[in-house]
Each structure stands twice: as structure tokens, then as C-alpha cells.
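The block underneath contains the structure these notes are about, expressed in C-alpha cells.
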Amino acid sequence: MDKATRMTNTATSNQSARSAPNMRQSPMRPLSRHWLVQRFSLSPGCQYDERVIKRATDAMKRQTQTELRPAAVMIALAEREGELHVLLTKRATHLKHHPGQISFPGGKVERSDKDIVETAIREMEEEIGVTANRTDLLGSLTPLPTVSGYLVTPVIAFVDPNYDAVIDENEVDTLFEVPLAQFLRRNAIRKQPFQVRGNTYDIYAMTYQDHLIWGVTAQILHAFSQQLCLN
């Protein structure tokens with residue numbers, strides 16, 4: 001990280017995350033680590049929307065790109081009082097690609113990475129200073145092709161809820177948490193019309209507090225929720 005700063009509002013974010021489950025729109029069972037490990041191990045692999053896949057494939061053809069570049073994102077989960085929370089970032093507003101959007105920590109595979117899991121772990125540590133051990137991995141979701149020409153593998157891992165985050169301001173504006181239960185509410189993530197470069201597309205999206213979560217991040221979260229068979 002070229003420029004990093006220690007978060008001063010971690011306690012505030014954690015307090016917000018602890019109180020957020022009260023905002024659920026429907027009753028749900030406690031989404032604990034133990035519950036998720038059992039549920040995930042018994043669930044079939046997720047499937048992405050075919051139209052999303054086609055849009056990414058068509059974009060690659062227009063760019064005369066011969067193959068998708070491998071990348072990974074980390075779905076980091078912190079458990080507090082039996083409830084899991086997902087770590088998300090708001091990208092820095094000065095970035096060329098996807099400025100200000102909500103995303104998972106992640107990035108492209110580097111030559112020094114041993115595998116896709118190491119990519120996800122390294123990127124999370126570089127962007128927000130949070131670490132994960134391979135022993136805390138839950139697994140991964142089906143790789144998702146994107147319109148930017150990447151094949152993104154979502155890796156899922158549990159992290160220490162008392163993490164001391166250090167944000168790389170070159171890449172990240174804000175780190176925040178969302179209770180996993182928010183994404184698993186029925187119809188929480190819906191297709192909504194978005195205008196992109198003059199064209200209108202139906203893209204998965206949802207709002208949480210003052211955050212709009214859409215695009216690849218919402219698509220991954222939607223697939224994750226579908227795999228857990230709660231929607």
C-alpha cells in the first residue's frame with residue numbers, strides 16, 4: 001500500500017453492524033458461522049443470470065479480447081453475538097474504473113500468487129488491512145465473467161470480528177459492514193434498470209442505509225443467497 005491510514009471509526013461501524021439486524025423486514029433464524037458452514041456444505045453451486053453472462057461475453061468480443069483475465073474478490077464474514085456481517089468497501093472516488101462504487105476487496109491475479117485464494121487474501125490485506133487464514137476459508141462461488149474482461153472468483157472466509165482495519169486511500173474510501181441477513185431477505189436484491197453508456201440494462205441492485213449496492217457485487221451476493229436456498 002502506497003498510502004494507508006488507520007480507521008478511526010471502527011468502533012462506530014461495529015456498533016452499527018451490531019444494531020442493524022433489527023432492521024430486517026422478515027423474521028429469520030440467527031445466521032451464525034456454524035449455521036453457514038453447515039448450510040453452504042449442503043448447497044449446490046450457484047448459477048448466475050444468463051443475460052449477465054451474455055453481456056460480459058459480448059463486451060469481450062467488442063474489445064477483441066481473446067480470454068478473460070483471472071481475478072478474485074473476498075467475501076469476508078465477521079461474526080458477532082452469533083450474527084454474521086459482510087465487509088464491503090466504497091471505492092475511492094478518484095479511481096478510473098468504478099469510482100465510488102460498493103465492492104468487495106479484490107483484484108487481479110498477480111504472478112506471485114500461488115492460487116486464486118492467495119489473490120483474495122492478499123488483495124483484502126492490501127486494501128483494508130484485514131487478514132484471513134486458509135483455515136478460516138468457507139469455500140468459493142462459481143467464477144463470474146464481467147464486462148471489464150475479468151473472470152472473478154468470489155472467495156469466502158471468516159475474519160476476526162475485532163480486526164484493526166487499515167485503509168489504502170489509493171483504492172478505498174470507506175469500509176463498512178452489512179448483516180448477512182440483509183442480503184438473504186426475500187427479494188432483497190432485485191433487478192433494476194440502469195443506464196450505462198447510453199444503454200439501459202436490468203442490473204441486480206439493493207440499498208442498505210445510504211449505500212447503493214449494484215453490479216458485480218450485487219450479482220455475487222444474489223448468487224450467494226440463492227445458493228443458500230433462502231430466497
Side-chain angles (χ1 to χ4, degrees), residues 1-2 45-76 86-128 132 139-157 168-174 183 189-206 211-227:
M1 293 183 291
D2 297 327
C46 62
Q47 298 296 323
Y48 298 109
D49 191 315
E50 293 182 359
R51 285 169 291 187
V52 173
I53 305 298
K54 184 179 186 304
R55 182 174 165 232
T57 303
D58 291 345
M60 185 177 68
K61 292 178 180 177
R62 290 194 299 270
Q63 298 168 4
T64 66
Q65 189 173 327
T66 57
E67 60 182 24
L68 294 166
R69 292 162 289 185
V73 296
M74 177 64 80
I75 304 177
V86 182
L87 277 63
L88 291 173
T89 67
K90 180 180 179 182
R91 290 170 58 84
T93 55
H94 63 260
L95 292 175
K96 181 179 179 181
H97 301 291
H98 313 295
Q101 291 188 13
I102 305 304
S103 66
F104 298 107
K108 64 181 180 180
V109 173
E110 301 290 352
R111 292 183 178 179
S112 58
D113 294 336
K114 296 179 181 178
D115 53 27
I116 203 74
V117 171
E118 183 169 319
T119 301
I121 292 175
R122 173 183 57 77
E123 286 285 343
M124 179 171 66
E125 186 168 4
E126 289 177 357
E127 291 183 18
I128 60 175
S140 62
L141 302 182
T142 303
L144 173 66
T146 71
V147 294
S148 53
Y150 288 96
L151 185 63
V152 179
T153 299
V155 177
I156 310 167
D168 180 358
E169 292 183 338
N170 287 320
E171 298 189 56
V172 176
D173 178 79
T174 307
F183 301 116
I189 306 174
R190 300 184 180 185
K191 289 182 182 177
Q192 300 180 29
F194 280 78
Q195 193 169 54
V196 182
R197 298 185 183 90
N199 296 315
T200 301
Y201 300 96
D202 287 332
I203 298 176
Y204 283 102
M206 71 167 285
H211 300 292
L212 174 63
I213 304 168
W214 67 288
V216 171
T217 303
Q219 174 72 27
I220 290 172
L221 287 166
H222 180 265
F224 189 27
S225 69
Q226 291 295 309
Q227 180 161 339

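Positions are given from 1 along the sequence. All values reported here derive from a predicted model rather than from experimental measurement.
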How many angstroms lie between [atom1] in [X] and [atom2] in [Y], if you round to the nearest 0.5 Å?
X      : Y      : atom1 : atom2 : result
Glu169 : Thr174 : CD    : OG1   : 10.0 Å
Lys90  : His211 : NZ    : NE2   : 7.5 Å
Leu88  : Phe104 : CG    : CZ    : 5.5 Å
Lys191 : Gln219 : NZ    : CD    : 8.0 Å
His222 : Met206 : NE2   : CE    : 11.5 Å
Thr89  : Gln101 : OG1   : CD    : 10.5 Å

Which heavy-atom pair separates [X] from [Y] by the least distance, and what is that distance?
X      : Y      : result
Ser103 : Arg91  : OG-CG, 3.5 Å
Pro154 : Pro143 : CD-CA, 4.5 Å
Ala223 : Tyr48  : CB-CE2, 3.5 Å
Thr119 : Gly107 : CG2-O, 3.6 Å
Ile116 : Ala71  : CD1-O, 3.5 Å
Leu151 : Pro145 : CD1-N, 3.7 Å

Before giving the answer on side chain to side chain contact (heavy atoms under 4.5 Å, CB included), spell out for Asp115 and Glu118 the whole-Å C-alpha distance, their side-chain angles and the decisive distance to 0.1 Å. CA-CA 5 Å; Asp115 53 27; Glu118 183 169 319; 3.5 Å; yes

Do [X] and [Y] make a side-chain contact, defined as non-hydrogen atoms from C-beta onward lying under 4.5 Å apart?
X      : Y      : value
Leu68  : Tyr150 : no
Val73  : Val216 : no
Thr153 : Pro70  : no
Phe224 : Ile189 : no

Hey, mind stepping through Ile53 and Leu144 against side chain to side chain contact (heavy atoms under 4.5 Å, CB included) and telling me if it holds? CA-CA 8 Å; Ile53 305 298; Leu144 173 66; 4.0 Å; yes

For the side chain of [X] and the backbone of [Y], is there at least one donor-acceptor N/O pair under 3.5 Å apart?
X      : Y      : result
Glu127 : Gly106 : yes
His94  : Asn170 : yes
Thr217 : Ile102 : yes

Check step by step if side chain to side chain contact (heavy atoms under 4.5 Å, CB included) holds for Asp202 and Asp49. CA-CA 11 Å; Asp202 287 332; Asp49 191 315; over 6 Å; no

Let's go through Ile203 and Arg55 carefully: what are the C-alpha distance in whole Å and the side-chain angles of both, what is the deciding distance for side chain to side chain contact (heavy atoms under 4.5 Å, CB included) to 0.1 Å, and is it a yes or a no? CA-CA 11 Å; Ile203 298 176; Arg55 182 174 165 232; 4.1 Å; yes

Before accepting this row, confirm whether a basic side-chain N of the pair Arg122/Asp113 lies closer than 4.0 Å to the acidic partner's carboxylate O.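 Salt bridge between Arg122 and Asp113, a charged N being under 4.0 Å from a carboxylate O: yes.
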
Return yes when atom CD of Glu110 has more than 12 non-hydrogen atoms of other residues, nucleotides or ligands closer than 6.0 Å, and no otherwise.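 Counting other residues, nucleotides and ligands, CD of Glu110 exceeds 12 neighbours.
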
